[in-house]
Amino acid sequence: MVESTPTNPTLAIDVRGARYVYPTGNVVALGGVDLQVAHGEIIGIIGQNGSGKTTLTKLFNGLLKPTAGTVIVNGVDTAKHSVQQMAAHVGYVFQNPNHQLFARTVRMELEFGPRNIGVPEDEITERVDEVVEFFGLQEFIEEHPYRVSFPVRKLVGIASIVAMRPPIIIFDEPSTGQDHNTTHIINGLMRRLRERGTTVVCVSHDMPLLADVVERVIVMKSTEVIADASPREVFADQALMARTNLQAPQVTQIALQTVVPLGGPVALTPAELAADIAQRRGKSARRGRTSSVAG
Amino acid sequence: MSMQAAMPIAMIPGNSIIHRINPLAKLVWVVGYVILAFSTQNIVILYSMALFALLLAPIAGVTKPLLKGALILVPVGSSLLALQIIAPAVERPWTAVDQIGPLVLYGDGVYYGFVLLGRIVASLLMALIMVMTTHPSDLFTSFAKLKVPYTLNFMLAMTLQLIPVFQREVGIIMSAQKSRGMKGTGFSAVLPSFVPVFVGAIERVQQLSISLESRGFGSDGIKTSYRQVRGRASDWVVGIVGAVVLITLSVVAITKGTWSLANEITFSPLFVLITFLIAATLFAGVILAAIAFSFKK
């Protein structure tokens, strides 16, 4: 039984002064991070390789225990509970699906997690059916997970975590190496999880995905959080982007060089930029008609 | 610390005197150790060899990982001793010294149990010290100097280099399965962890072979190595001393008919009983712990 720790009930993740030093004692992987994430929030964590993103997220489900500070997730102190106990609270989608798939069929793979956390059999069937439908896995359900293509395998890996219905889900590089269709499904999944009130943490280098989906971006550099703001604010901050060697989505970079100096918005998606351009062309056309009528 | 909790059978970087010895000189010692260990039944020699190997560990700075790697000896050694005491691997008649219920304990088996254990301990410790203090590429370069066929040499070096890679992979896979609520230890963890490790290993090796072939592996011509290993005078001394001592002892052991001290050493019934109880308890403990983990949800 996992005991709850008294904490702010509105917070899904409450990290206070968390540090992580590798057991060898000479590598600081995380240096004093404070982070509060409310229930139902969808956040992205960005930063260069080695900045501490994955270490931070591994503290969330107890894969790593903080060497200093506290990490309270869904009211549970991760330092006092095993990863298995935390599994009911936090789902962790690993970057490489091959690291988790082992069962004889996709169905058995999807049943594995819910069964481990004690979900009743009839509910397991219901959950599996739901994720199969959402991810479009009907035709693969009796296939061996290693006989399906890599993008489908990736979806099976994600679906196996979603079927556990944890209140918090962490995605580690969900779109790396994926085709457009899979990325589109992952994008839709994140929106659906948000509608359900699931807290989503997404570690990614895929800026367009984050710009499109997340509400808040955490920027990490050299094992510390150096910025925490909306994607619009973060991606518009060119000094921050240069400092962290990150690049805003291309559409945002175009907007910053074209429409923003004219008073336009910091576009995060092609649709936003297109809408602004269309609006300007409309205004320009109306002005042209007005001047020709006046002439 | 699942990510770091891997079996410590890989090179531990360092600059100790043992690290600096030429790989071939170290190999002479390992091969000599194995030959001598299996040439003799003299427990004084066998455990002196094990003690000598153990003394090298602090000099090389690998004591902790060495002891961790040697943990495998607990189930192996305890089962060996317990079985030898109740069913000695020597010709009858056996001398019964005690009885526990239906189990008759024989004094003859204790000596041979310790001989078998001593062979494994001595050989394993020396081999582990070599692996932990030698860069696989240095071994590769040294073998190349000995004109070992390139492909065979490459396979040996690559196998050693892949060990830490697979250890890391096992850590990640265990983390992934534990994140789905699986117990991270015991038999129940074997299948969910073994399949991804096995599949990953095959995929990795396949990719590696494609990558090697695409870069001209197997083509003719002289192969060179980025790392250079030089044999200093001290390396020659270490190698020659090792070869002379170990070969001499092996020859003496063989000429003396394994140089066994079985007839000179007698074990008291109490010693046999205590040895059996300790060995059987350790072995049963390992088995019970494994069964308990497999049923623990």
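Every value quoted in this text rests on a predicted model; they were computed, and no experiment measured them. Below, chain A is the first sequence line, B the second, and so on; all start at residue 1.
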Give a yes or no on this: more than 12 heavy atoms of other residues, nucleotides or ligands lie within 6.0 Å of atom [atom1] of [X].
{"X": "B:I72", "atom1": "CD1", "answer": "no"}
{"X": "B:R230", "atom1": "CZ", "answer": "no"}
{"X": "B:R20", "atom1": "CZ", "answer": "yes"}
{"X": "A:E133", "atom1": "CD", "answer": "no"}
{"X": "A:R147", "atom1": "CZ", "answer": "no"}
{"X": "A:F150", "atom1": "CZ", "answer": "yes"}
{"X": "B:I59", "atom1": "CD1", "answer": "yes"}

Measure distances from [X] to the heavy atoms of chain B and classify the residue's part below 4.5 Å as side chain, backbone, both or neither.
{"X": "A:I161", "answer": "side chain"}
{"X": "A:Q95", "answer": "neither"}
{"X": "A:N98", "answer": "both"}

Taking all atoms of both residues into account, what is the closest heavy-atom pair of [X] and [Y], and its distance?
{"X": "A:A87", "Y": "B:G181", "value": "CB-N, 3.5 Å"}
{"X": "A:F94", "Y": "B:S179", "value": "CE1-OG, 3.7 Å"}
{"X": "B:M182", "Y": "A:N116", "value": "N-ND2, 3.6 Å"}

Any chance you could measure [X], atom [atom1], to [Y], atom [atom2], to the nearest 0.5 Å?
{"X": "A:Q85", "Y": "B:K178", "atom1": "CD", "atom2": "NZ", "result": "12.0 Å"}
{"X": "B:Q177", "Y": "A:L101", "atom1": "CD", "atom2": "CG", "result": "8.0 Å"}
{"X": "A:H99", "Y": "B:I172", "atom1": "NE2", "atom2": "CD1", "result": "5.0 Å"}

What verdict does the side-chain contact (heavy atoms from CB on, under 4.5 Å) test give for A:Y146 and B:V195, after you've listed the backbone C-alpha separation in whole Å, the side-chain angles of each residue and the deciding distance to 0.1 Å?
CA-CA 10 Å; A:Y146 284 101; B:V195 175; 4.0 Å; yes
Do B:R180 and A:S160 have side chains that approach each other closer than 4.5 Å (heavy atoms only, starting at C-beta)?
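With C-beta onward as the side chain, the pair touches.
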Scan the side chains in residues 164-172 of chain A for donor-acceptor partners under 3.5 Å anywhere in the protein, sequence neighbours excluded, and list what turns up.
from	atom 1	to	atom 2	distance (Å)
A:R165	NH2	A:E126	OE2	3.3
A:R165	NH2	A:E130	OE1	3.4

